[in-house]
Number of protein chains: 2
Amino acid sequence: MEVYELLSRNIGVVFVEPETPGNVGFLARAMKNFGLQNLILINPCSLEDEAYYQAMHARDLVEDAIIYQTLDEMIENLEPDFLVGTTGVPGGSYNVDRIPLRPSQLASAINPSSRTFILFGREGDGLSNRELGLCDMVVSIPTDREYPIMNITHAAAIIFYEIFKKRDFDCEGLEDASGVEKKLLVDEMDEILSLIDIPPHKERVASRVFRNVTGRAFRTAREDHTLKGVLRRIKNRMKE
Amino acid sequence: MEVYELLSRNIGVVFVEPETPGNVGFLARAMKNFGLQNLILINPCSLEDEAYYQAMHARDLVEDAIIYQTLDEMIENLEPDFLVGTTGVPGGSYNVDRIPLRPSQLASAINPSSRTFILFGREGDGLSNRELGLCDMVVSIPTDREYPIMNITHAAAIIFYEIFKKRDFDCEGLEDASGVEKKLLVDEMDEILSLIDIPPHKERVASRVFRNVTGRAFRTAREDHTLKGVLRRIKNRMKE
């Protein structure tokens with residue numbers, strides 16, 4: 001089974017005491033955008049139509065959500081291998097229950113074969129110190145100090161994105177141009193430069209600048225192919 | 001001026017024809033979470049109370065938003081250096097207006113001193129091919145193929161996060177344990193292992209496993225210090 005399938009199957013998303021049904025829907029949609037499917041709600045508000053409406057095409061996740069009355073009851077019944085807390089209020093090095101990992105560190109640390117449950121908690125107050133104390137690790141998103149408290153489903157979307165970010169786009173032919181192809185493009189330009197009447201040191205600078213600019217630009221193999229074709233035609237025209 | 005201050009000042013966020021006031025508020029909040037301040041609205045819906053309500057502490061961004069009736073009018077007046085489009089429908093290599101960069105590639109490509117404007121467009125239909133054609137680059141978030149269309153403000157939060165992700169947490173003492181400190185911890189454990197009566201090959205395996213497990217765990221200098229203190233006491237007690 002490929003790694004993303006394992007992650008989708010093994011990760012659980014736990015929303016502790018959601019206060020507004022819309023946020024349950026927004027969370028479900030963000031989960032489904034990244035292929036997550038296991039939603040667990042602890043002592044939720046009434047879900048009402050709003051949760052299903054905001055979930056859009058992820059209604060099924062809300063319908064299939066597992067509900068427990070307490071976090072301890074969830075842990076006892078589902079026995080997660082790893083419990084990950086999230087907080088918008090990370091602690092310094094003396095507050096050992098709130099030492100934050102970045103989402104990218106969580107992504108590196110997750111074992112796709114383990115049942116990892118990620119806790120998001122309460123729109124107003126977040127997770128308690130006791131709840132974070134139950135977790136194996138605590139994740140926080142680096143934000144601006146002026147206004148660090150994020151919308152809970154925005155935070156969740158960012159964490160899901162980090163976990164799945166290496167996934168390929170579902171499009172054809174988007175592999176990056178290889179180093180060899182990039183070199184061939186520069187060679188083509190160098191030939192063109194040699195056909196222009198400029199002093200050698202300016203030619204060298206021009207070559208370097210072309211290499212810098214194209215080197216900085218991500219591009220697909222096909223884009224590179226197109227550029228090379230254009231340069232070759234320019235060169236041939238100059239030689240006529 | 002430090003790099004994040006430059007980015008905050010120079011990046012503009014453009015919401016093209018927002019259809020629901022709540023989303024303008026959600027977008028403003030996500031912007032402020034990452035220190036962004038320049039919101040531009042193209043032909044927006046009426047903002048109503050909902051936009052200000054969902055913005056929470058980012059009401060000022062909604063109040064200060066610059067409004068234009070068309071994207072062309074915005075470009076003519078504000079003259080951005082780089083225009084970045086976003087799409088949930090990336091194209092393959094033949095659709096050159098929709099060749100997607102990942103958010104992390106955008107983050108690498110942004111020059112903090114340039115005025116980079118990022119376009120988000122229409123909850124229902126996204127940005128048009130013509131609008132994407134005006135852009136210098138197009139960004140897309142890799143999602144699950146079953147349900148790729150994200151909530152627009154979730155997508156925005158992820159892109160802002162990537163641009164600012166290297167920012168430090170606003171907490172004391174969270175620097176990672178250095179390689180030297182990690183080595184000292186392993187040395188401490190090795191001494192303890194030498195005090196236990198086990199065969200040499202098992203001792204070697206145990207040392208390696210301890211090194212593996214602690215090596216995989218991100219930890220702060222202070223956490224490492226605490227662990228070392230504990231091991232030293234254990235060792236001293238064993239020597240009594």
Side-chain angles (χ1 to χ4, degrees), chain A residues 4 8 26 29-30 32-36 54 56-58 90-96 99-105 108-109 137 140-151 153-155 157-158 161 164-175 216-223 226, chain B residues 4 8 26 29-30 32-36 54 56-58 90-96 98-105 108-109 140-151 153-155 157-158 161 164-175 216-223 226:
Chain A
Y4 292 115
S8 302
F26 283 127
R29 179 174 177 186
K32 195 155 182 168
N33 286 149
F34 293 98
L36 292 167
Q54 297 296 4
M56 305 279 286
H57 296 286
S93 64
Y94 284 91
N95 186 344
V96 293
I99 290 180
L101 294 185
R102 292 163 183 280
S104 55
Q105 292 173 317
S108 312
M137 49 178 87
S140 200
I141 294 168
T143 45
D144 191 67
R145 63 189 62 184
E146 294 290 318
Y147 188 26
I149 301 301
M150 297 188 69
N151 174 295
T153 69
H154 283 174
I158 286 169
Y161 157 77
F164 290 96
K165 74 187 281 191
K166 297 204 180 69
R167 195 199 307 260
D168 282 337
F169 286 116
D170 190 18
C171 305
E172 294 301 312
L174 290 180
E175 63 284 358
R216 277 182 213 130
F218 304 95
R219 52 197 199 270
T220 66
R222 175 156 302 277
E223 288 173 311
T226 301
Chain B
Y4 292 115
S8 300
F26 283 127
R29 179 173 178 186
K32 196 154 182 169
N33 286 148
F34 293 98
L36 292 167
Q54 297 295 4
M56 304 280 283
H57 296 286
S93 63
Y94 284 91
N95 185 344
V96 293
R98 286 180 185 263
I99 289 180
L101 293 186
R102 292 163 184 277
S104 55
Q105 291 174 318
S108 313
S140 201
I141 294 169
T143 44
D144 191 65
R145 64 190 60 183
E146 293 291 316
Y147 187 29
I149 302 302
M150 296 188 68
N151 174 295
T153 70
H154 282 174
I158 286 169
Y161 157 78
F164 289 97
K165 72 187 282 189
K166 294 203 183 69
R167 195 199 308 260
D168 282 335
F169 286 115
D170 190 18
C171 305
E172 294 301 313
L174 290 181
E175 64 285 358
R216 277 182 213 131
F218 304 96
R219 55 196 196 265
T220 67
R222 174 156 302 278
E223 288 173 310
T226 301

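In this text the structure is predicted, and so the values were computed from the model without any measurement. Chain letters run A, B, ... following the sequence lines, proteins first, then strands; residues in each count from 1.
In terms of heavy-atom pairs under 4.5 angstrom with chain A, the leader among B:S8, B:A221, B:G35, B:A30 is B:G35. Contact count against chain B (heavy-atom pairs under 4.5 Å) is highest for A:S140 among A:S140, A:S104, A:P148, A:S108. Residue with the most contacts toward chain B among A:E146, A:R102, A:K165: A:R102 (heavy-atom pairs, distance under 4.5 Å). Heavy-atom pairs under 4.5 Å with chain B were tallied for A:T220, A:T226, A:I141, A:N151; the largest tally goes to A:N151. For the options A:A58, A:P100, A:A155, heavy-atom pairs under 4.5 Å to chain B are most numerous at A:P100.
The parts of B:I149 that come within reach of chain A are both its backbone and its side chain, each placing non-hydrogen atoms under 4.5 angstrom from that chain. Residue A:F26 touches chain B through both its backbone and its side chain, counting heavy-atom pairs closer than 4.5 Å. Proximity to chain B (any heavy atom under 4.5 Å) is shown, for A:P90, by both the backbone and the side chain. Of the two parts of A:M56, the backbone and the side chain both hold a non-hydrogen atom closer than 4.5 Å to a non-hydrogen atom of chain B. For chain B, the nearby part of A:E223 is the side chain; its heavy atoms alone come within less than 4.5 Å.
Separating the CG atom in A:D144 from the OH atom in B:Y4 is a distance of 11.5 Å, to the nearest 0.5 Å.
Side chains of A:Y161 and B:M150 form no contact here, defined as non-hydrogen atoms less than 4.5 Å apart. Between A:T153 and B:H154 the shortest side-chain heavy-atom distance falls below 4.5 Å. Taking the side chain as every heavy atom from C-beta outward, A:Y147 and B:N33 approach each other to under 4.5 Å.
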